[in-house]
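Below is one structure, written out as structure tokens, with a few remarks after it.
First the proteins, then the strands, lettered A, B, ... as listed; each starts at 1. Reckoned from all heavy atoms, side chains included, excluding hydrogens, waters and symmetry mates.
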Amino acid sequence: MTRFLLCRTISLLASLLVASLVIFLVLEVLPGDPARFMLGLNTSPEALAALREQLGLTAPLPARYLGWLAGMAVGDFGISYTYRVPVADLIVERLWVSLPLALYALTLSTLIAIPVGVLAAANRNGLIDFSAMGLTQIGIALPNFWFAMLLVLAFAVNLRWFSSGGFPGWQDPGAAVRALTLPAIALALPQASILARVMRSSLIDTLDEDYVRTARAKGLTRGQALWRHALRNALIPVVTIMGLQFSFLLAGAIIIENVFYLPGLGRLAFQAISARDLIVVRSVVMILVFAVITITFLVDIAYALIDPRLRRRAP
Amino acid sequence: MSLVTVEGVTLSIGDTPVLNGVSLEIAPGEVLGLVGESGSGKSMTALSVLKLLPVGARVAGQIAFDGRDIIAASEREMVALRGDEIGMIFQEPMTALNPLMTIGDQVAETARIHTRVGRSEARALAKAMLERVGLPHDRIAHTRYPHELSGGQRQRVGIAMAVVLRPKLLIADEPTTALDVTTQAQILDLLRGLVRDEGMALMLITHDLAVVAGMADSIAVMDKGVVVERGTVLEVLQAPRNAYTKKLIAASTHVPVRQRGKQGGALLEVEGLCKDYALPRTSLFGPHETMRAVDHVSFTIKAGESVGLVGESGSGKSTLARAILGLETVTAGHVLLKGQAVHAAGRAAFATLRDMQMVFQDPYGSFDPRQKVGRLVAEPLHLLGSGAPKGAALEGRVDSALKAVGIEPGMADRYIHEFSGGQRQRIAIARALIIEPALIVLDEAVSAIDVSVRAQILDLLADLGDRLGHAYLFISHDLGVVRAITDRVLVMAGGKIVEAGPTADVLERPAHAYTKTLVAAAPRLAG
């Protein structure tokens, strides 16, 4: 297991390095002069020169790349061109909204999906299975911004249980959680629907395995065989999907962030792109890549914890 | 009084009748061999006794176990019975164990759910039982997972799980079918010892009459959901009364008629062949270790000759076959077919491929399910390049190939799932024949087929060999098949050929220690 962790960590660092190089090259080298792109067409040569100096574009390419890496290693992502504040501060502020929101949504979706999937699989082709699968079909088909607006109408406008948008900050944790609840539900519904279907089909497959029959021949009841033998064996695809969903929730919540007027990472990226603030864009992309690769790493470790056959060696 | 009484049991799954009035009895401590071909209902009979039937199964009749009515028993009563008083062992040791649980825990689980013993006491019970089945803790740690064990060791774990509470009845469903001959002999020995020591009754389900002959006190022969004959082993095997039993015994010992002595010059020459595989790295920057799967193998097959290649799984016989066919690169040595090198510049020489064809073990898995049989059979013809027949000539070739193996040419428009196992293997042979090869390699080609169909396929192969004059290389772990159809046999162990000679000589008077073990382990039905 130690060797496995070591191998996975080395591969994690290597992926990060490659990703950073690709992001650097794409944004700095390929389209020409980033300073000219950021300033637009009608600009004075002096302003251009000043921005080039500020961006460090006068230095040679390898030095710029290493400088960028070294800066990120100590948490220095540069100064935003549009906001005029350190990018690191911007990102940290937004992460305090996006990360809790993603975790909240993932927790909700898992808490709904696993029991629904297990119940459906245990009552395969029965009434519970049929209705659960029908509901998940609807959950996948509903556009989440529309569902979000329904939630706002019902719980914010009519019942007044939650606010309809905005984020008060974490000074009052109760209010912060309340502000994130409707967006988290809106995000969780389609994810839970997909996850429940994956849980169901994976569990149905493992329930047909020979070792489940062996367990029944040992004298386990249907329920015992399901909980003790089938469920853990069915978890690998579920964990895979959960990893993919968390990555998506972190960056892909932009529509929901807009509906609820939340200052999240997705909105920051969107605003930076509109303002041609390449420094912020580059940093946000790097942070998201870092998050996705780290999640993949955690998913790999989860695989190994679930299945001893995957512990032996890293690819 | 008998321990198990099955009386007029019928069973249907959906609308399909599976059992049509099965009756049998097992006395305490008796070993009953339940014999039949696939689909005869023997596994369903066993599962009926455990009341562990698939969804939608309807069962009627009488089943009594130790004076209790199984048909009327509630699920709660059955749960208490299963694993405690009736243990069951399954065929596939590779998939019958939970891959995520240690073997010790899996054995202990049986004890934990049926008795009030604590965790440590259950562990101790499991430890003792695993030692009894030949897996002492100091050699095979009980904290290991199933994937760290060999097939035979896993089957021992399966047995330990089934007998840890010393049930009155043990049901073993084809317990050795997936195992090597020598491993099979060890597992059968173990079962025999357990039955004797613990006074258990054993219901041994198998398609192999030879296994039953060496194990059972009595036999029940099943065909199409009915027990057609019951009696002691001696009665049934020596003086079968039922026509189906007679057919089954004849098929098991069937030797096809072959005309010998039409052999030509050297066809296939294998000289100093070696094949290394790279093992996974043991350290991150260390050198690649290699494993030699085939070690300096040399032999010759003459034109028209039939040669057997026997050995256990892992002995290197399949690797050797793949290397001969040019499907593997070789580390050293060479393979010549009609004097031409098969491996030219590291790749298989195209010209030699058309003279060699292969028939695999799994007739279903080796066909593309979405292509029609005619197209599947015609496939090797592309090896002829621009000389390949087209249009009516192509159809003619397909028709005659199908006719040669006894399949109606009109069936060329069907898909492979519409055929039975035996028919599929005939189609696989037609696919090999169509290009008129000089050598056909058969890798366990009749291992998965029922004995009566196997006898027909062996007849067909012998007849085709006589008429068309091609040579055979028969790879098999089944000495009975090799004995029936080969002129010469090569015995392989640890990547080397340890013994070679005329089949009858080698199998009757084995010289090498390994061959002796192999021959002694193979169950034989005195014919």
Using a 4.5 angstrom heavy-atom cutoff, name the option from [options] with the most pairs to chain A.
{"options": "B:Glu92, B:Met94, B:His114", "value": "B:His114"}
{"options": "B:Pro167, B:Pro146, B:Ala80, B:Pro99", "value": "B:Pro99"}
{"options": "B:Val79, B:Asp84, B:Leu100", "value": "B:Leu100"}
{"options": "B:Asn98, B:Thr110, B:Thr102", "value": "B:Asn98"}

So what's closer than 4.5 Å to chain A heavy atoms on [X]: side chain, backbone, both or neither?
{"X": "B:Leu81", "answer": "neither"}
{"X": "B:Glu75", "answer": "side chain"}
{"X": "B:Leu97", "answer": "backbone"}
{"X": "B:Ala96", "answer": "both"}

A:Pro308 side chain reached by B:His147 side chain, heavy atoms, under 4.5 Å: yes
Non-hydrogen side-chain atoms of A:Met199 and A:Leu231 separated by less than 4.5 Å: yes
Pair B:His137-B:Glu131, side-chain donor/acceptor within less than 3.5 Å: no
A:Thr206 side chain to A:Glu209 side chain, donor-acceptor N/O pair below 3.5 angstrom: no
Region of A:Arg213 in contact with chain B, defined by heavy-atom distances below 4.5 Å: both
Which portion of A:Arg124 sits near chain B, non-hydrogen atoms under 4.5 angstrom: neither
N-O pairing of A:Arg228 and B:Glu109 below 4.0 Å: yes
Geometric class of the A:Trp68/A:Tyr65 ring pair [parallel <30°, tilted 30-60°, perpendicular >60°]: tilted
Residue among A:Arg232, A:Gln224, A:Lys218 with most heavy-atom pairs under 4.5 Å to chain B: A:Lys218
A:Phe130 CZ: over 12 foreign heavy atoms closer than 6.0 Å: no
For B:Met203 against B:Leu169, the heavy-atom pair lying closest together: N-CD1, 4.2 Å
